[in-house]
Number of protein chains: 2
Amino acid sequence: MDDWLKDSTEVEASWVTVDLAIFTIRSGQLMVLLIERGVEPFLGRPALPGGYVQKNETLREGALRELREEAGIDGNKLHLEQLGAYGDPRRDPRGRVVTIAYLALGPDLPAPVGGTDARRAYWAPVSQLEGKQAALAFDHPAILAEALEQVRSKLEYTAVATAFCGELLTLSELRTVYEVIWGQQLDPSNFRRKVLNTTGFVKPTGDQRFPPTGRPAALYRRGDAWLLNPPLLRGAGHTV
Amino acid sequence: MDDWLKDSTEVEASWVTVDLAIFTIRSGQLMVLLIERGVEPFLGRPALPGGYVQKNETLREGALRELREEAGIDGNKLHLEQLGAYGDPRRDPRGRVVTIAYLALGPDLPAPVGGTDARRAYWAPVSQLEGKQAALAFDHPAILAEALEQVRSKLEYTAVATAFCGELLTLSELRTVYEVIWGQQLDPSNFRRKVLNTTGFVKPTGDQRFPPTGRPAALYRRGDAWLLNPPLLRGAGHTV
DNA sequence: AGACGTTTAAGTCAATGTGACCTTTAGGGG
DNA sequence: CCCCTAAAGGTCACATTGACTTAAACGTCT
């Protein structure tokens, strides 16, 4: 890169990486995808998957590539949005590394495979990680915390909850997403009323799904609306 | 920086900058601070203020420094939050430049002075910029658009509106912030009821302010609450 | 001093949304 | 056929909202 770009000796080039906070719901728990680092620094420590942004790719393309390489996940199937940039000069012992964190949400995803820089990849329950600041490498505890708050908050104001469900979903499934992520029970009847009265949240397909026991559930598809108006607030009420 | 960092020849170092979308309200209009570029590329074109992140400073510290250098504004007085990272490899003709956009909001700020890379700095009414995609340099039209949507949305769910007011504020001032940014009139009486019923939005001081005409207005201070529960939604209703 | 204009403050009321709870419906299995 | 279970649909008191009206507290003008 040309040196005339710099207008001060205090400026230096940086490495730019993307890190991914990938969430899914498995066996009734909110899970985040972690890797065990196969290279220094933090060799052997758990971390969020990620890697260097390459030449000629956008940040989002880099995130999609790492999603495929490190987690073996096809990014077209899930929701991907930028979370923010983390650039504390001391966040990486190797030097100035600015990372762009991405948030990815998907339905029950396949068991991941290890990638290039990772010994192995696995789903970790979020409940076991919260509070344990020391576990993850780099500033990944902070990134994970912000990602979690982002998810919990976006459930209220957007239809992002459908990203955790498959193409066809029942209202029970959707309600379970909220219950797992908010850690609080919701009234099934009121939830149904709220969702169906919010235009564009879900649209009926006419089909049904037959659970092992109980009345069959109507199947829905994601609607066109993204912002929920009015929002679906997590009130203090009804924590069982 | 050590070369062993790179794990692929496809990886390259990047320049990292911060760009600022600084908003204030002046003469009943939402204004954004623009500079006229004094260097290539886009020489002479209007742009958001910004510059390179220096060694040993965090991204936020870089944003605060640019705020001071390019706009002559003390960052301690205003609200500063990160908006997101923009890293399309074609966004800067000089090469790979990843910029971290920051959003800054403040009460009626002083007339700005030009800085190092800027011929001059000035407040531009947002209403004159919206839609005119060609005016701003780089991808700053997109950054400005996202910043605006962020502000409009955050007014609903957070107490960020107080950032546009001074330390002491009246409910009319606060309502005007909403009206200017949303471009829609609000019912004074209902607005008052909503704000005062939201615990922690504002707290009374006991003092009064005497306008040139009319009944004196009670003075309030910012409250402790950041998230508004329930939110203050901009319904379709009451557009004058 | 008193009437007036202006702005803040407070009150009314119908319509709507919410939380808690109950009843009915439609399956599968003993 | 009855029981269990989960979905679907309904009830009702209560809180919130939007539109509107009324009262209070200034400065100013006559």
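Since this is a predicted model, take the numbers as computed values, not measurements. Residue numbers begin at 1 in each chain, while the letters A, B, ... track the order of the sequences.
A cation-pi arrangement is present between A:Arg120 and A:Tyr122, with the terminal nitrogen or guanidinium carbon under 6.0 Å from the aromatic centre and inside a 45° cone about the axis. For the pair A:Arg222 and A:Tyr220, the NZ or CZ position fails the cation-pi test of under 6.0 Å to the six-membered ring centre and within 45 degrees of the ring normal.
Residue side chain B:Ser189 reaches the base of C:dA10 through a donor-acceptor N/O pair under 3.5 Å, judged by distance alone. The base of C:dG11 lies outside donor-acceptor range of the side chain of B:Arg193, with no N or O pair under 3.5 Å.
Taking 4.0 angstrom as the limit, B:Lys194 places a side-chain polar atom (N or O) nearer than this to OP1 or OP2 of D:dT17.
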Open item on the list: Protein within reach of the bases, or only the backbone? For nucleotides 23-30 of chain C, mark each nucleotide 5' to 3' as B, S or -, using heavy atoms under 4.0 Å.
Closed with: --BBBS--
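Under the 3.5 Å distance criterion, with hydrogens and angles disregarded, a donor-acceptor pair is assigned to the side chains of A:Asp19 and A:Thr99. With 3.5 Å as the limit, one finds no donor-acceptor pair spanning the side chains of A:Gln82 and B:Tyr86.
Remark on DNA chain C: of its neighbouring residues A:Pro231 and B:Leu219, the 5'-side contact belongs to B:Leu219, judged by nearest-heavy-atom nucleotide.
A heavy-atom distance below 4.5 Å is found between the side chains of B:His140 and B:Arg91.
For B:Leu171, the side-chain atoms get nearest to C:dA9 when compared with the rest of C:dA9, D:dA19, D:dG10. Between D:dA7, D:dG18, C:dC21, one nucleotide has an atom nearer to the side chain of A:Asp187 than all others, and that is C:dC21.
A donor-acceptor pair is defined here as one N or O able to donate and one able to accept, closer than 3.5 Å; such a pair exists between the side chain of B:Tyr178 and the backbone of B:Leu155.
For the pair A:Leu233 CG and D:dT16 C1', the computed distance is 12 Å after rounding to whole Å.
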